Amino acid sequence: QVQLVESGGGLVQPGGSLRLSCAASGFTFSTDAMNWYRQAPGKERELVASISSTGGNTHYANSVKGRFTISRDNAKNTVYLQMNSLKPEDTAVYFCNAVVSAIWGQGTQVTVSS
């Protein structure tokens with residue numbers, strides 16, 4: 001079954017941290033670049049971070065640069081998003097996406113609130 005399954009979302013206070021995971025199955029994960037997107041209520045989906053197939057190249061939206069880190073473990077078919085120094089404006093549903101395979105996960109909710 002071709003799918004991406006996100007986990008790790010939740011409620012966190014401002015300044016806190018979360019680590020999102022995205023487990024891939026049913027396609028050749030190790031040859032595909034991966035993205036993390038997010039969508040807040042009433043807003044368009046936003047590209048947050050990208051990582052190349054080998055993990056050697058990463059890119060970040062300016063809004064998260066220096067706070068978020070994308071990484072991947074090709075042996076585990078998993079991509080991660082470490083989110084530190086979270087702000088209320090980071091509240092959104094976070095989605096992972098396989099670029100070449102054009103697969104999307106179902107999303108995981110992240111809420112940053114005191």
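Treat the numbers as computed from the prediction; the structure is a model and nothing was measured.
Residues N35 and S50 come closest through the heavy atom pair OD1-OG, 2.7 Å. Across A24 and L4, no two heavy atoms sit closer than the pair CB-CD2, 3.5 Å. Residues A92 and A40 come closest through the heavy atom pair CB-N, 3.8 Å. Contact record, N84 with S17: OD1-OG, 2.9 Å, taken as the closest heavy-atom pair. For the residue pair T31 and S53, the shortest heavy atom distance occurs at C-CB, 3.6 Å.
Under the 4.5 Å side-chain criterion, counting only non-hydrogen atoms from C-beta, Y60 is in contact with T69. Between E89 and S63, every side-chain heavy-atom pair lies at or beyond the 4.5 Å cut-off. M83 places none of its side-chain heavy atoms less than 4.5 Å from the side chain of V12. You'll find the side chain of W36 stays beyond 4.5 Å of the side chain of F68, heavy atoms only.
Residues Y94 and I70 share a single hydrophobic cluster, defined by chaining ILVMFWY side chains whose heavy atoms lie under 4.5 Å apart. Following chains of ILVMFWY side-chain contacts shorter than 4.5 Å, one cannot reach F95 starting from V2, and the two form parts of different hydrophobic clusters. At a threshold of 4.5 Å between side-chain heavy atoms, the hydrophobic network of Ile, Leu, Val, Met, Phe, Trp and Tyr places Y37 and L86 in two separate groups. Transitive grouping of hydrophobic side chains (ILVMFWY, heavy atoms separated by less than 4.5 Å) keeps V48 and V93 in distinct clusters.
A donor-acceptor pair under 3.5 Å links the side-chain atoms of T54 to the main chain of G56, judged by distance alone. The closest donor-acceptor contact from the side chain of D32 to the backbone of F29 lies at 3.5 Å or more, if one exists at all. Side-chain atoms of E6 never come within 3.5 Å of backbone atoms of L20 as a donor-acceptor pair (strictly under, hydrogens ignored). Formation of a donor-acceptor pair under 3.5 Å by the T58 side chain with backbone atoms of S71 is not found in this model. Panel note: side chain T91, backbone V112; a donor-acceptor pair is recorded below 3.5 Å.
Considering NE2 of H59 and OG of S52, their distance stands at 8.0 Å, rounded to 0.5 Å. Annotation: the span from T111 atom OG1 to D90 atom CG amounts to 11.0 Å, rounded to 0.5 Å. If you take CG on L11 and OG on S114, they are separated by 9.5 Å, rounding to the nearest 0.5 Å.
Partners of R72 according to the salt bridge (Lys or Arg N to Asp or Glu O under 4.0 Å) rule, which considers only residues two or more places apart in sequence or in another chain, do not exist here. Not a single side chain to side chain donor-acceptor pair (under 3.5 Å) links N77 to another residue, sequence neighbours left out.
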Audit row: V64, R38, side-chain contact (heavy atoms from CB on, under 4.5 Å) steps and yes/no: CA-CA 11 Å; V64 307; R38 68 185 180 187; 3.9 Å; yes

D73 and Y80: CA distance, side-chain angles, deciding distance, side-chain contact (heavy atoms from CB on, under 4.5 Å) verdict: CA-CA 8 Å; D73 185 339; Y80 304 98; 4.1 Å; yes

